[in-house]
*Asks:* 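My questions all concern the structure below.
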Amino acid sequence: MDGFRAFLRKLKFMIKKELLATIKDPRTRTILFLPVIMQTMLFGYAATFNLDEVQYACLDQSRSKYSTELIAKMEGSGVFRRVQTLNSTSEIAEAIDSDVAMLVVNIPADFADKLVAGERAEVQVITDGRNSSTSGIAAGYVNSIVADYNARRNGGRILETETIAWYNPNLITRWMFLPALIPMMSLSQVLMLAGLSVAREREQGTFDQLLVTPIEPSIILIGKAISPILIGLIQATFALIIMCVWFEIKVVGSLFTLYLVLLVFLLSCVGIGLSISAVSANMQQVMVYCFMAMMPLSLLSGVTTPVRNMPQVLQYFTLANPLRFATEAVRRIFLEGSSLATVAYALVPMLLIAGITLPVAGWFFRNKL
Amino acid sequence: MTGKNVIISKNICKSFIDKRSKKEIVALENINIGIPHGRLTALIGPDGAGKTTFIRMVCGLLVPSSGSLEVLGMDVLAEPQAVQDRISYMPQRFGLYEDLTVMENMVLYADLHNVPQGERQARFARLLHMTGLAQFTESLAGKLSGGMKQKLGLACTLVRAPELLVLDEPTVGVDPLSRRELWEILQQLVKDDELTVLVSTAYMDEADLCSKVIIFNEGKLLAEDTPENLREYLHPPKEVAFTGVRSLPDKFVIEVRNLVRKFGDFVAVDDVSFQVREGEIFGLLGPNGAGKTTTFRMLCGLLPASSGYLAVAGLDLRTARTQARANIGYVAQKFSLYPTLTVDENMNFYGGVYGLDDERLRERMAAVKEQFDMAELSDKEAGELPGGYKQRLSMAVALLHEPRIIFLDEPTSGIDPVARRNFWKQITALAAEGKTIIITTHFMEEAEYCDRIMIQDQGRMLALGTPKEIREQAGVASDDMNEAFIAIVEKSRGEKEV
């Protein structure tokens with residue numbers, strides 16, 4: 001019991017020192033809160049797939065009542081804004097190439113005749129494939145307007161699909177992105193903080209001074225892990241507040257579950273960070289390794305593109321990525337209101353990663369030359 | 001030409017504004033000196049005396065606050081580039097490319113200085129011969145020893161023939177053997193090429209090798225004369241710490257038997273055995289790369305031994321590293337407490353991890369602050385303390401938990417002679433209390449303060465005994481420890497080659 005009390009006492013001193021050293025270092029102090037606010041705001045506004053306005057060019061060769069009706073329908077939707085009116089097919093290429101329009105609607109001369117004859121009439125939509133996702137979305141908008149027009153003309157609705165997006169009824173990209181931002185941001189920050197903390201001590205020579213004390217390696221490890229986790233949780237809270245207050249996204253699930261997931265996730269991040277730190281000789285190396293790790297971790301996480309769309313091989317890789325599971329779990333808690341039991345599966349791989357990386361880091365502290 | 005001054009400094013002043021305190025710091029005050037052509041001139045003074053500031057101004061890298069400075073007949077303030085084209089400057093940390101070989105470094109510097117291809121071969125050959133690097137041209141610069149790196153730095157500085165050579169503390173942290181070789185090169189350059197050389201140094205004994213000595217202290221010119229006339233200042237009467245040999249108890253606190261440490265194929269410490277008694281001051285001496293740091297790190301438990309027996313305070317370091325560490329205090333060569341934490345925060349932390357309870361921690365903190373005269377500095381950031389105080393803080397922290405053994409790694413490098421003398425007074429007082437002191441140093445005269453010293457070279461133990469015994473073993477008549485050291489190392493290297 002006394003041994004345990006002594007252990008806790010030493011740990012208390014270690015954690016206090018770690019927090020002091022992080023907060024007092026002007027270099028780390030600046031990365032504590034500013035990036036959180038900046039990234040949350042940027043992601044909230046900039047990262048969006050929603051097209052509020054489609055700038056398009058119109059080539060109406062039919063010049064009929066029907067074609068005017070269709071165009072009026074498009075422009076009446078509030079999404080399509082005509083930026084150019086073309087007179088011949090030869091002008092199409094120029095409109096797209098010059099980036100003036102992202103989409104050209106070409107209504108052929110026989111459009112009205114075919115409709116009157118009861119034949120199938122065609123409308124050509126040319127999109128700018130240089131940005132495949134926006135052009136896809138814009139083309140989708142045209143499709144739905146055309147479908148609507150068809151239904152009206154046929155005098156009734158024969159078959160209609162009605163899409164309801166659960167958990168995000170208006171399909172606002174921000175709702176999908178911002179919750180995922182919390183783990184992603186925590187990952188980059190905590191990886192750096194944990195990574196730099198040992199490397200900084202090595203560079204300053206303080207690590208040797210620490211190693212000659214009778215302090216147990218486990219205390220160093222726990223002390224070095226807890227301080228970045230605490231900072232990570234505070235940063236997450238910061239981001240959470242901005243999301244709820246500024247962007248008005250509601251957390252449907254319980255905050256307790258959310259924080260539990262974040263805690264386990266941060267544990268695995270710290271494990272990776274400390275392992276990077278343990279094998280690096282200096283702070284510069286830590287930075288390089290961290291950037292090298294960040295890229296695949298975020299690409300293979302499902303933050304921006306769904307894991308399900310990746311090739312099977314890459315999907316296997318995502319199983320070793322704590323960010324993938326954290327993103328999944330956080331989104332579900334945030335938007336679905338999933339209970340702890342439903343997201344518990346995501347905790348297992350994260351705990352495994354922490355369980356491997358932390359002891360590895362601890363071993364390296366002592367045994368690296 | 002000899003006798004004409006190539007550097008003429010008139011009323012040179014320089015002050016800086018300290019960024020944190022916003023106070024003005026005077027680095028140099030009214031410096032009036034002349035440096036003669038074709039001679040070797042030494043600029044001497046403790047750290048912070050203004051040596052580097054003056055040298056950087058001579059090279060046109062710093063602008064004086066007031067006064068005039070003429071170098072090679074030109075006004076440095078008006079035409080710094082013209083001056084730089086005709087001088088060679090070797091800063092304290094010369095920029096060698098560690099991943100390039102010796103030859104590649106030289107070629108690179110020759111390219112940078114536009115040395116014509118035709119002149120290179122002869123010049124390189126001479127420089128390599130002079131610096132003794134001829135057989136190492138294909139070695140990576142990063143793999144060279146400290147002394148050899150300095151010599152390569154000098155060779156790179158001299159790839160073009162300058163009219164004035166300026167060196168900023170080229171011998172700092174270099175072992176006595178390499179130091180002597182560096183000075184021989186400089187003297188040869190002055191003799192053969194009539195080169196004018198200005199060297200700054202913190203070693204008083206090096207001044208004897210120059211024809212003119214300039215002494216700076218706290219930004220002021222203290223003296224400007226020949227070494228003969230400055231004998232009093234350069235060689236103050238020695239204070240002998242002990243008269244005779246102290247009687248020490250026959251209790252060993254450190255036992256080392258057949259200690260070996262290998263890094264791959266390289267044997268850094270080769271079969272070393274010795275014992276240290278309680279209350280003894282034990283010095284580890286050796287050139288750079290001799291294995292003394294490796295030995296030292298193994299004793300502190302920072303590095304596991306490859307083989308051999310190693311016990312500290314009666315505890316085997318293989319089995320009881322953590323417990324053994326509770327008995328030792330450690331002061332690293334480089335200041336290694338947390339610079340952003342205050343004095344009290346540092347003490348609090350180290351006291352805490354050494355397991356002192358609140359009451360004892362308070363008591364000990366007050367006691368060591370009293371002992372090292374730093375009670376007023378409690379709330380100062382450790383990194384902001386002046387050099388001497390950093391040293392004291394490191395000592396204070398190492399003594400917080402009242403260890404039986406204190407390890408000091410080159411504690412006196414980079415502090416001025418007065419502070420060094422005070423430091424040794426404290427060390428001898430600690431030893432008198434019964435604390436065991438293990439110390440490494442490259443100041444040979446400091447070996448006199450030790451009860452016993454061990455000299456290492458190339459991993460092997462060459463000599464072990466009292467300073468007197470070592471001198472006798474070396475067969476040196478004078479009481480100069482420097483000579484004894486060089487004699488022992490050279491003798492052993494000579495035997496090895498035969």
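Bear in mind the structure is a predicted one, so any value in this text is a computation, not a measurement.
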*Asks:* What residues of residues 228-240 of chain A sit under 4.5 Å from chain B when only non-hydrogen atoms are counted?
*Replies:* none
*Asks:* Just checking heavy atoms, which of residues 288-299 of chain A are less than 4.5 Å from chain B?
*Replies:* none
*Asks:* Is Glu18(A) close to chain B through its backbone or its side chain, or both, or neither, when contacts mean heavy atoms under 4.5 Å?
*Replies:* neither
*Asks:* Give me the atom names and distance for the closest heavy-atom approach of Phe13(A) to Phe349(B).
*Replies:* O-CD1, 3.5 Å
*Asks:* Of all the residues in residues 359-369 of chain B, which have a heavy atom that comes within less than 4.5 Å of a heavy atom in chain A?
*Replies:* Leu361(B)
*Asks:* Side chains of Lys17(A) and Val353(B): closer than 4.5 Å at any heavy-atom pair?
*Replies:* no
*Asks:* Can you tell whether the side chains of Arg9(A) and Asp358(B) come within less than 4.0 Å, N to carboxylate O?
*Replies:* yes
*Asks:* Do Tyr338(B) and Glu201(A) have side-chain atoms, one donor and one acceptor, less than 3.5 Å apart?
*Replies:* yes
*Asks:* Which region of Tyr350(B), side chain (C-beta onward) or backbone (N, CA, C, O), has a non-hydrogen atom less than 4.5 Å from a non-hydrogen atom of chain A, or is it both or neither?
*Replies:* side chain
*Asks:* Around atom CZ of Phe7(A), are there more than 12 heavy atoms from other residues, nucleotides or ligands closer than 6.0 Å?
*Replies:* yes
*Asks:* Is it true that Lys24(A) and Glu345(B) make a salt bridge, defined as a side-chain N closer than 4.0 Å to a carboxylate O?
*Replies:* yes
*Asks:* Indicate yes or no for a side-chain donor-acceptor contact from Gln209(A) to the backbone of Tyr330(B) under 3.5 Å, with no hydrogens or angles considered.
*Replies:* yes
*Asks:* Tell me if the OH atom of Tyr45(A) is crowded by more than 12 foreign heavy atoms within 6.0 Å.
*Replies:* yes
*Asks:* Is Asn348(B) close to chain A through its backbone or its side chain, or both, or neither, when contacts mean heavy atoms under 4.5 Å?
*Replies:* both
*Asks:* Counting only non-hydrogen atoms closer than 4.5 Å, can you tell me which residues of residues 210-224 of chain A sit against chain B?
*Replies:* Leu210(A), Leu211(A), Val212(A), Thr213(A), Pro214(A), Ile215(A)
